[in-house]
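Reviewing the structure listed below.
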Amino acid sequence: MVSEHPDAPAGETTALALKILVAGGFGVGKTTLVGAVSEIRPLRTEEMLSEAGRTVDDTDGVDHKVTTTVAMDFGRITIRSGLSLYLFGTPGQDRFWFLWDELAQGALGAVVLADTRRLEDCFPAVDYFEHRKIPFVVAVNCFSGARRHDARDVCRALDLDPGTPVVLCDARERDSGKEVLIQLVEYAGRVHTARLLDSVG
């Protein structure tokens, strides 16, 4: 959490800026989500997929994809007056996971985007955040033509910890993405409050 105005006079509300990660498998829609909700021109670090990379990047189910994030995506959205979210989209391929630890520093929580056609691709992200006790929500990106699954079925398939929210979304739609982020902030707030109470109890 960062205060954008640390020297504000007493009595004035300072603006909060919260760091959020957007993670998930290759081609699941992370760059799309950050771009759809960002109120600033998003920073993207995309490169063209090459023939050399085809031996390590599994493009099954995302044959149309021609670029990939090699460092991060960055965007910002104001949820309400005094509360902004800084969004950091992680790269999806295994070979870029060394960046995740740096990106995760100081994060309030994360959105794990999932594609039910390739649900296993989000297992590493789920494991990563569970292991580090970073609150997250799973957002099922409802791709056109993909079979719809109930959130409870996705929760069982991913063997999520009790209480971890699963929401359905369309990463292309700003309102849908914003709702996912609001649910994450609310959930992460509850988790962090519970941990604080446990530590003093």
Side-chain angles (χ1 to χ4, degrees), residues 1-6 14-47 49 57 62 65 67-80 82-115 121-141 164-167 169-189 191-192:
M1 272 187 290
V2 207
S3 172
E4 292 185 336
H5 306 290
T14 57
L16 277 180
L18 305 176
K19 182 178 183 181
I20 302 295
L21 298 187
V22 180
F26 177 61
V28 77
K30 300 179 295 293
T31 299
T32 300
L33 177 65
V34 172
V37 301
S38 182
E39 63 200 14
I40 62 171
R41 182 177 179 184
L43 167 69
R44 293 186 170 132
T45 58
E46 289 192 303
E47 294 293 337
L49 288 172
D57 294 330
V62 287
K65 189 167 174 62
T67 61
T68 186
T69 299
V70 295
M72 68 172 186
D73 298 310
F74 175 78
R76 185 189 73 211
I77 179 174
T78 302
I79 296 296
R80 59 170 169 76
L83 176 59
S84 296
L85 304 183
Y86 289 162
L87 309 174
F88 292 80
T90 65
Q93 302 99 307
D94 300 7
R95 67 184 188 277
F96 296 124
W97 282 352
F98 67 92
L99 295 167
W100 284 37
D101 286 340
E102 289 295 323
L103 292 174
Q105 289 292 322
L108 174 79
V111 173
V112 175
L113 269 179
D115 177 353
D121 289 358
C122 73
F123 286 171
V126 168
D127 291 343
Y128 181 91
F129 297 120
E130 284 184 345
H131 181 71
R132 286 160 182 80
K133 301 193 181 320
I134 297 174
F136 67 95
V137 300
V138 173
V140 179
N141 194 4
T164 303
V166 175
V167 295
C169 75
D170 184 336
R172 301 165 300 179
E173 298 293 332
R174 186 174 197 275
D175 288 345
S176 182
K178 184 175 179 180
E179 183 58 34
V180 169
L181 295 170
I182 290 170
Q183 291 205 38
L184 169 63
V185 171
E186 291 174 348
Y187 173 65
V191 170
H192 288 297

All ring pair (Phe, Tyr, Trp, His ring centres under 6.0 Å) counterparts of F88, not counting sequence neighbours: F74
Partner residues of Y128 under the ring pair (Phe, Tyr, Trp, His ring centres under 6.0 Å) criterion, sequence neighbours left out: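 Y128: ring pair (Phe, Tyr, Trp, His ring centres under 6.0 Å) contacts with W100.
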Point-to-point distance, once rounded to the nearest 0.5 Å, from [atom1] of [X] to [atom2] of [Y]:
X    : Y    : atom1 : atom2 : value
C122 : D115 : SG    : CG    : 9.0 Å
K178 : T78  : NZ    : OG1   : 8.5 Å
F136 : I20  : CZ    : CD1   : 13.5 Å
L113 : T31  : CG    : OG1   : 10.0 Å
R174 : L33  : CZ    : CG    : 11.0 Å
E179 : C169 : CD    : SG    : 10.5 Å

All side chain to side chain contact (heavy atoms under 4.5 Å, CB included) counterparts of V166, not counting sequence neighbours: V138, V140, A151, V154, C155, L160
Side chain to side chain contact (heavy atoms under 4.5 Å, CB included) involving P135 - partner list, sequence neighbours excluded: Y187, A188, V191, H192, R195
Side-chain contact, heavy-atom cut-off 4.5 Å: [X] with [Y]?
X    : Y    : value
V22  : T90  : no
K30  : V111 : no
P42  : D73  : no
L85  : K19  : no
V37  : L181 : yes
V167 : S176 : no
F129 : V112 : yes

Set of residues satisfying side chain to side chain donor-acceptor pair (under 3.5 Å) with respect to R172, sequence neighbours excluded: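 Listed in chain order: D170.
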Residues forming a side chain to side chain donor-acceptor pair (under 3.5 Å) with E173, sequence neighbours excluded: none
Nearest non-hydrogen partners of L21 and A104, listed with the distance: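 Scanning both residues, the minimum pair turns out to be CD1-CA, 3.6 Å.
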Residue pair S38 / G75: nearest heavy atoms and the distance that separates them: OG-CA, 3.4 Å
Check against side-chain contact (heavy atoms from CB on, under 4.5 Å), L103 and M72: CA-CA 8 Å; L103 292 174; M72 68 172 186; 3.7 Å; yes
Test log, rule side-chain contact (heavy atoms from CB on, under 4.5 Å), inputs L87 and I77: CA-CA 8 Å; L87 309 174; I77 179 174; 4.2 Å; yes
Worked check of side-chain contact (heavy atoms from CB on, under 4.5 Å) between R80 and L83: CA-CA 5 Å; R80 59 170 169 76; L83 176 59; 4.0 Å; yes
Worked check of side-chain contact (heavy atoms from CB on, under 4.5 Å) between V28 and D121: CA-CA 9 Å; V28 77; D121 289 358; over 6 Å; no
Residue D127 excluded, over 12 heavy atoms near CG under 6.0 Å: yes
